[in-house]
Amino acid sequence: MKIYNSMNRQLEDFVPLNPEQVSIYSCGPTVYDYIHMGNARTALVTDIIRRYLVYRGYNVKLVQNLTDIDDKIIGRAAELGVSAKQLAHQNGEAFFEDSQRLGIQPADVAPKATEHIPEMISLIQTLLDKGAAYVIDGSVYYRVNQFAEYGKLSGRKPEDLLAGARVEVDERKEDPRDFDMWKAAKPGEPSWESPWGRGRPGWHIECSAMAMKHLGETIDIHAGGEDLQFPHHENEIAQSELATGCTFARYWIHVAFLKIDGRRMGKSEQNFILLRDALDNYPTEVVRHFLISAHYRHPLDYNQESLAKSEGALRRLNNCLDALKKYDGQFEANGTGGAALQDAIQTMKSQFITAMDTDFNTAQALGAIFTLVSEVNRSLSVSDEADAPALAQAYQALTESCQVLGIYGADVERSDEGDVEQRDQLVNLLLEIRQDARSRKDWDTSDKIRDRLKELNIEIQDTREGATWKIVS
RNA sequence: GGUGGCGUAGCCAAGUGGUAAGGCCAGAGUCUGCAAAACUCUUAUUCGUCGGUUCGAUUCCGACCGCCACCUCCA
C-alpha cells in the first residue's frame, strides 16, 4: 500500500509503526457554524481511508478533534447573543449529526480543545522550559528559530516566510514567524487559569496536545485540508517535535479543496454549501459518490450537474445490485456457467485493491466497480440460471467493495416496519388487479393504475418477468 | 514577489514510456399494447501549444500559453 506523503512530496510505502494498530489523527472542524462540503470532503476521505485499512486487516484508532474555542466562535457567539460555549456545543452536536448522515463512522475519540486545557498548558510549559517559547503580557509565543527544521512540511525557507508582505506584524514578537500558543484573556472572553495568567489556547497547540494525548508521541497518519499544511501543520510539527524529540506524524495527507461552481468556496464569496443542505437535496450515497469521484488530491467542483451525474451513476449501480440480490448466497447452486463473469469478478477485486492501495484512488476503484457492473448486466440480460453461483459471487464482491466506499446500503429504513409491510401488500394487490386488466386488454384500467400510482411516487416497471415497482422521489 | 499544483472526448474523471478505465449526456437497438424504466451497442489515431530525449511520449525534459491553490483565519 502506498500513500502520498506531503512531507516528502512522493508516494511512499505505508508501513505502520505498530502493525497491531494504525493511528490516524484528522483535523476536524472549528465549530462556529454547521460544517460545509469542504469539511465533509476531508472527513469523508478520512472515513474511507479508515474503512479501507480495516478492510485490509488493520486495526485503526482514529482521532478527530473539534476546535471549540477560537476567535470565530467568540465572534459568532457575540453576534448571536449566546455564549461561546453554547454555540460550540450546538455546532459540535450538529457536526456529529451531519457526519452520521453522510455515513461517516464515528471517530474512536473526538476530543474537544476546551477539555484538554491542562494537557496544552503542560506542553507549553515543556516548550518554555526548553527555551523554545517566551511570554509577553500573559501570552506565550513559540520561538520558531529554535526549531531548525521549521518549514520542512510546507517546503518553505525562512527567507520566503519573512519576505511575505502579507504577514501581520506584531511588534512584540521576536520574529514575525513566531506564533502564539497561549493568548492572554481579553475582557469578556472565555478564559482559563494558567501559569501565565488567564487566557485561552492558540489553535496549533490544541492539535499537538490532543494528538499526543490520544495517540502517543508519534502517529502514523495525520490528515487535514490542504490549507492546513501551512501554517497549522507546520506549527504542530514544530511544537510536538521540539517537545518530544520524536517524529510527530509519519505520513501527512492533505485533501484538496472543494470548489463551488468553479470558484473557491469561501465566506467572502457568499457561496458556502452546508453538508446538511446537500444531504437534504441528495441521498447520502449520491453525495458520497460525488465526493469520491475525483482523487482526493485533486480539486473537485460542486455543482448541480456533477451531483446529477453521481445520481445517474448510483442509479446504474443500484439497479444492478437490486437485480443481483436474489442470487445472494447461491454459491452452491447448480451450473458451471459464468466463467467469463468469474474472471471479471477476480479482475474487479484486484483492480479495486490496486487502486485503493495506490494512495486511495477512489476514482479508479469506482471504474473497476462499474466495469463489473456492465459485465453483470450483460450476464443478467441473457438470464442463464447456470450463472447463479457466479452472480452470487458478483453480488458479494460488489457489495463488499461498495461498502468500503460507503456507497451502498448506507441508508436506513426510516419508515415503520408494519406500515411498510401493509403498503407493500396494497401495492402488490393493485399490481395484481392491473395484471388482470392487462390480460383482458383493458388498457384504460391498466394505465390508470400505473398513472395514479406514479402520482403517489410509486413507479411501475413492466419487465419480461412481470411488473415490479419501486418508490421514487 | 516566493512556493506548489493542474490543463485527457459535449461534460466529469482515471491512467500508462509501447499505443487512451469508468460515469453522465447523446445516437441506435432490445423489451413493451403504448409508455416509462431497465439493459445492450456506438462515441478521443488522441491526451493545452511548441520544441527536445527515445526505436517509440499523452506519459520524461525544456519553453510558452491558460487556470488554480498556499504564503493571512479557513477542511
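Just so it is clear, the structure is predicted and the values come from calculations on it, not from any experiment. Throughout, protein chains are lettered first and strands after them, A, B, ... in sequence-line order, and every chain is numbered starting at 1.
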From the list B/rA37, B/rC70, B/rC39, which nucleotide is the closest neighbour of the side chain of A/D227? B/rC70

When all nucleic acid strands are considered with a 4.0 Å heavy-atom cut-off, which category describes A/S306: base, sugar-phosphate, or nothing? nothing

Record whether the side chain of A/K309 comes under 3.5 Å of the base of B/rC25 through a donor-acceptor pair of N or O atoms. no

Does any N or O donor sit under 3.5 Å from an N or O acceptor when you compare the side chain of A/H295 with the base of B/rA13? no

Considering only side-chain heavy atoms of A/Q364, which listed nucleotide, B/rG15, B/rA13, B/rA75, is closest? B/rG15

Which nucleotide in the set B/rA36, B/rA75, B/rA35 lies at the smallest distance from any side-chain heavy atom of A/E459? B/rA36

Separation of A/R263 atom CZ from B/rA69 atom P, in whole Å? 11 Å

Nucleotide nearest A/T371 (side chain, heavy atoms from C-beta), chosen from B/rA21, B/rA75, B/rC34: B/rA21

Row check, A/Y32 ring normal vs A/R76 NZ/CZ: under 6.0 Å, within 45°: no

Over 60° means perpendicular and under 30° means parallel, so tell me whether A/H233 and A/H222 are parallel, tilted or perpendicular. perpendicular

Assign A/A256 to base, sugar-phosphate, or nothing according to its heavy-atom contacts below 4.0 angstrom with the strands shown. base

Checking all strands, does A/I35 fall into the base, sugar-phosphate, or nothing category for heavy-atom contacts under 4.0 angstrom? nothing

Have a look at A/H232 and say if it touches a base, only the backbone sugar-phosphate, or nothing, with a 4.0 Å heavy-atom cut-off. nothing

I want to check one thing: is the phosphate of B/rA38, taken as OP1 and OP2, less than 4.0 Å away from some side-chain N or O of A/R316? no

Could you state the atom-to-atom distance from CG of A/D33 to P of B/rA75 in whole Å? 11 Å

For the side chain of A/R378, starting at C-beta, report the closest nucleotide among B/rA75, B/rC41, B/rA37. B/rC41

Check every strand shown and say whether A/F257 touches a base, only sugar-phosphate, or nothing at a heavy-atom separation below 4.0 Å. base

Do the charged groups of A/D220 and A/K61 touch, with an N to O distance under 4.0 Å? no

Please classify the nucleic acid contact of A/A363 as base, sugar-phosphate, or nothing, using heavy-atom distances under 4.0 Å. base

Relative to the 5' end of RNA chain B, which residue comes earlier, A/S446 or A/V376, by the nucleotide with the nearest heavy atom? A/S446

Under 4.0 angstrom between A/T30 side-chain N/O and B/rA75 OP1 or OP2: yes

The side chain of A/R156 is closest to which nucleotide in this list: B/rC39, B/rC71, B/rC11? B/rC71

Select base, sugar-phosphate, or nothing to describe what A/R9 touches, counting heavy atoms under 4.0 Å on all strands. nothing

Taking the six-membered ring for Trp, are A/F230 and A/Y150 parallel (under 30°), tilted (30 to 60°) or perpendicular (over 60°)? perpendicular

What's the gap between B/rG5 and B/rC11 when it is taken at their P atoms, as a whole Å value? 26 Å

Give a yes/no answer on whether the side chain of A/R264 brings an N or O atom under 4.0 Å of OP1 or OP2 in B/rA75. no

Here's one to test your reading of the geometry: is the NZ or CZ of A/R41 within 45 degrees of the ring axis of A/Y296 and under 6.0 Å from its centre? no

Would you please indicate if the ring centroids of A/Y395 and A/Y327 are separated by under 6.0 Å? no

So does A/K112 pair up with A/D68, basic N to acidic O under 4.0 Å? no

How is A/D462 classified with respect to the nucleic acid when contacts are heavy atoms under 4.0 Å: base, sugar-phosphate, or nothing? base

Please report the distance separating the C1' of B/rC67 from the corresponding atom of B/rC60, rounded so that it comes out in whole Å. 23 Å

Of the listed nucleotides B/rA75, B/rA14, B/rC11, the one nearest the side chain of A/Y32: B/rA75

Write down the distance separating the P atoms in B/rA20 and B/rC47, rounded off to the nearest Å. 12 Å

Need one value for A/S374: base, sugar-phosphate or nothing, where a base atom within 4.0 Å counts as base even if backbone is also close, heavy atoms only. sugar-phosphate

Please work out if A/R297 contacts a base, only the sugar-phosphate, or nothing of the nucleic acid, heavy-atom cut-off 4.0 Å. nothing

Just checking A/R315: base, sugar-phosphate only, or nothing, at a heavy-atom cut-off of under 4.0 Å? sugar-phosphate

Answer yes or no: does a side-chain N or O of A/N361 lie under 4.0 Å from OP1 or OP2 of B/rG15? yes

Nearest-nucleotide check on RNA chain B, A/L317 vs A/G224; residue mapping nearer the 5' end is A/L317

Taking only the side-chain nitrogens and oxygens of A/N377, find out if one of them lies under 4.0 Å from OP1 or OP2 of B/rU40. yes

Measure CG/A/L398 against C1'/B/rG22 and give the value in whole Å, please. 14 Å

Between the side chains of A/D359 and A/N361, is a donor N or O closer than 3.5 angstrom to an acceptor N or O? no

Which part of the nucleic acid, if any, lies within reach of A/H254 when heavy atoms closer than 4.0 Å are counted: base, sugar-phosphate only, or nothing? nothing

How is A/D447 classified with respect to the nucleic acid when contacts are heavy atoms under 4.0 Å: base, sugar-phosphate, or nothing? base

